[in-house]
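Structure, as structure tokens:
Residue numbers begin at 1 in each chain, while the letters A, B, ... track the order of the sequences.
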2 protein chains.
Amino acid sequence: MTNTIYTRQHIIKAGATLEACITNASTRYNIKQTNSHRIFHTKESLFSAGEEFEGLYILRSGSAKSFITSLDGDEHITKFFYPGDLLGADGFDEHKYNENILFLETSSVCLVKESDLHNLVKTSDDFRSCLLRSMSHALVKDNSQMMCLNTCSSEQKVARFIIELSEQFHSLGLSCTKLRLSMTRTDIANYMGMAIETVSRILTSFQNKQVLSIKNRQLTILKLDTLYSLASKEQCSNDFCANTYTEKNIGAVY
Amino acid sequence: MTNTIYTRQHIIKAGATLEACITNASTRYNIKQTNSHRIFHTKESLFSAGEEFEGLYILRSGSAKSFITSLDGDEHITKFFYPGDLLGADGFDEHKYNENILFLETSSVCLVKESDLHNLVKTSDDFRSCLLRSMSHALVKDNSQMMCLNTCSSEQKVARFIIELSEQFHSLGLSCTKLRLSMTRTDIANYMGMAIETVSRILTSFQNKQVLSIKNRQLTILKLDTLYSLASKEQCSNDFCANTYTEKNIGAVY
DNA sequence: CGGTTACTTGAGTAGCATCAATCTAGGTGG
DNA sequence: CCACCTAGATTGATGCTACTCAAGTAACCG
């Protein structure tokens, strides 16, 4: 049964299910399963924009980032990936990958070759549903990310980023309050469309508010509910935002 | 043969091809074709977020916008649609539509019911490829839109918006220099993440620079190449941006 | 342990949003 | 057919968010 109740984090499930589907369907419909597993290390590349599309990858462990490059050479991070996530779905378009994937830590992936993919889509109802759902979910996430980029203040952006991460970790069965960031501050800033100094300042202000504590890459969320209210729009209008830059001056760490 | 050479605008082709695929495949594989055609008028809604997913729509004529609503009720336009575009692909995710679609003018659509969709994907190689390509292309476009929102100045955003529109029109066989905007300035501002006043000011500045002329919704591009350079990053750094707000004061319309 | 990369903090300012007022066009009803 | 009304668009003045530049500190790696 694939009729699970779908939550906000279900891309993970969909991803996990995808892999299950592959195993199931391969044996059931007697499809020669050629999906290979590989391990990569920090800063290694899975593929780059322009390379021939070979199939989809499922991230099994670790984490990665995808980025595209503008004509003038600067890079923009489009997404961070965690176990269960699908990599390379943008490759169907022109039959070559559209983005670059770099691993943020030691990670393992599993390749589903294009030919297998088509067989699986044809024969397995589960797999077909999973794949469509997974790509569809990516579109949904893109929309909400775009809305955030367009309408959120920097403070809200950082709060949202941390919450998203926390939920992601939670859905993977990890702690949602104690997390290790696998990306740099620069990566976060780039992804969220802000200056690295702003990210740093806001994280410091969150620490001053006792909302979280962060040392290097080790993040502990102290007040999850406050973080949520910082991420929502109404909350911000009066005090919080204004204080981000000035609170040191009025000297208060209540 | 679906192995066309893919250009920037090929989502149109893919959309068009999609429809062709449906017709072909339906007759060839004897699939009961239940896709219905309907006509909508300005400001009418195709579906709203949360409604049960029934299938995909292909826009045949006219134009539409999609938007999502945040918790505090404000709306954010996520995309504009033109003939050939696929509507509702985000519905696979939770089996309900995720966004709202409103038509910007009198338009017609064609529904491909979910059941038909699955049959087509199973039986028709062409249709399957088209669908995957189409969804994949949406992901690619999202990425470039996000990069634009994150890194472009307001001037670049407006320039890019117009160029995108021009290319869209061109790929539809219409003039790429004389176009009628089907959306309001407010819509453009919302989509591009800026204030409506800023959009208006920049359009005025483009007119002063003789790059384009715009009267109400009727836009004529006078210098396409200049527009392209305004949209690229390097160009902006020195003169143009600084002058956007001040050029009137120094009084010059060279 | 020197060199590089990552991060923090401060000061100054530009770009753009906001507020407010005016203008225009399209639609409606008397 | 004209006067009115409302939504859409323009233009100006002002202020704030967040970027840039700059300098210093901390962590990491060979």
Side-chain angles (χ1 to χ4, degrees), chain A residues 41-43 74 104-105 149-159 180-190 192-208 213-219 230 233 236-249 251 253, chain B residues 41-43 74 102 104-105 149-158 180-190 192-208 213-219 233 236-251 253:
Chain A
H41 296 285
T42 313
K43 290 185 184 177
D74 51 48
L104 299 172
E105 60 193 306
L149 295 178
N150 268 353
T151 62
C152 288
S153 69
S154 285
E155 190 174 55
Q156 290 165 339
K157 284 181 185 175
V158 175
R180 235 200 102 269
L181 305 180
S182 53
M183 71 292 290
T184 66
R185 304 277 195 279
T186 310
D187 284 342
I188 298 174
N190 184 307
M192 287 280 123
M194 38 199 291
I196 179 184
E197 294 95 328
T198 310
V199 172
S200 186
R201 271 184 256 271
I202 288 170
L203 285 175
T204 308
S205 97
F206 283 178
Q207 285 198 92
N208 291 343
S213 84
I214 183 166
K215 180 136 205 285
N216 301 327
R217 304 285 183 86
Q218 192 60 47
L219 172 69
L230 283 166
K233 307 248 179 71
C236 176
S237 39
N238 321 326
D239 318 283
F240 290 117
C241 283
N243 289 345
T244 305
Y245 279 78
T246 54
E247 63 191 356
K248 301 178 279 301
N249 304 333
V253 181
Chain B
H41 297 286
T42 313
K43 291 186 182 174
D74 50 49
L102 281 189
L104 299 172
E105 59 191 308
L149 295 179
N150 269 352
T151 63
C152 288
S153 70
S154 284
E155 190 174 55
Q156 290 165 340
K157 284 180 184 174
V158 175
R180 234 200 103 270
L181 304 180
S182 53
M183 71 291 289
T184 65
R185 306 276 195 280
T186 309
D187 283 343
I188 299 174
N190 183 307
M192 287 279 126
M194 41 201 288
I196 179 185
E197 293 95 330
T198 309
V199 173
S200 186
R201 270 184 256 271
I202 289 169
L203 285 175
T204 308
S205 97
F206 283 178
Q207 284 197 94
N208 291 343
S213 85
I214 183 167
K215 181 138 204 286
N216 301 328
R217 303 284 183 85
Q218 192 58 49
L219 173 69
K233 307 252 178 69
C236 176
S237 38
N238 319 327
D239 319 282
F240 291 117
C241 281
N243 289 345
T244 304
Y245 279 80
T246 56
E247 61 191 358
K248 301 177 277 304
N249 302 333
I250 58 174
V253 180

Give a yes/no answer on whether the side chain of [X] brings an N or O atom under 4.0 Å of OP1 or OP2 in [N].
X        : N      : value
A/Ser154 : D/dA18 : yes
B/Thr204 : D/dT10 : no
A/Arg217 : C/dC7  : yes

- Query: How far apart are the closest heavy atoms of B/Ala189 and B/Ala195, and which atoms are they?
  - Reply: CB-C, 3.8 Å

- Set of side chain to side chain contact (heavy atoms under 4.5 Å, CB included) partners for A/Leu219, sequence neighbours left out: A/Ile162, A/Leu179, A/Leu181, A/Leu212, A/Ile214

- Report the residues that fulfil side chain to side chain contact (heavy atoms under 4.5 Å, CB included) with A/Asp187, sequence neighbours left out, ordered by chain and then residue number. A/Lys65, A/Ile77, A/Phe80, A/Leu104, A/Met183, A/Thr184

Closest to side chain of [X], choosing from [options]:
X        : options                : answer
B/Ala195 : C/dC16, C/dT18, D/dA18 : C/dT18
B/Thr184 : C/dC7, D/dT10, D/dG8   : D/dG8
B/Arg185 : D/dA9, C/dA17, D/dA18  : D/dA9
A/Ile196 : D/dC19, C/dT8, D/dT10  : C/dT8
B/Ser200 : D/dA18, D/dT10, C/dA17 : D/dT10

- Message: Over the length of the helix from C/dC1-D/dG30 to C/dG30-D/dC1, how much do the five-pair end axes diverge, rounded to 10 degrees?
- Response: 50°

- Message: Expressed as a whole number of angstroms, how long is the span from B/Asp187:CG to D/dG8:P?
- Response: 9 Å

- Task: Show your working on side chain to side chain contact (heavy atoms under 4.5 Å, CB included) between B/Val158 and B/Met192 and close with a plain yes or no.
- Result: CA-CA 8 Å; B/Val158 175; B/Met192 287 279 126; over 6 Å; no

- What distance separates B/Arg185 CZ from B/Arg217 CZ, expressed to the nearest 0.5 Å? 7.5 Å

- Just by distance, do the side chain of B/Ser200 and the backbone of B/Glu197 share a donor-acceptor pair under 3.5 Å? no

- Could you encode protein contacts along nucleotides 21-29 of chain D as a string, one character per nucleotide from 5' to 3', using B for base contact, S for sugar-phosphate-only contact and - for no contact, with a heavy-atom cut-off of under 4.0 Å? BB----S--

- List for me each residue that meets side chain to side chain donor-acceptor pair (under 3.5 Å) alongside A/Ser182, sequence neighbours excluded, and say none if there are none. A/Ser63

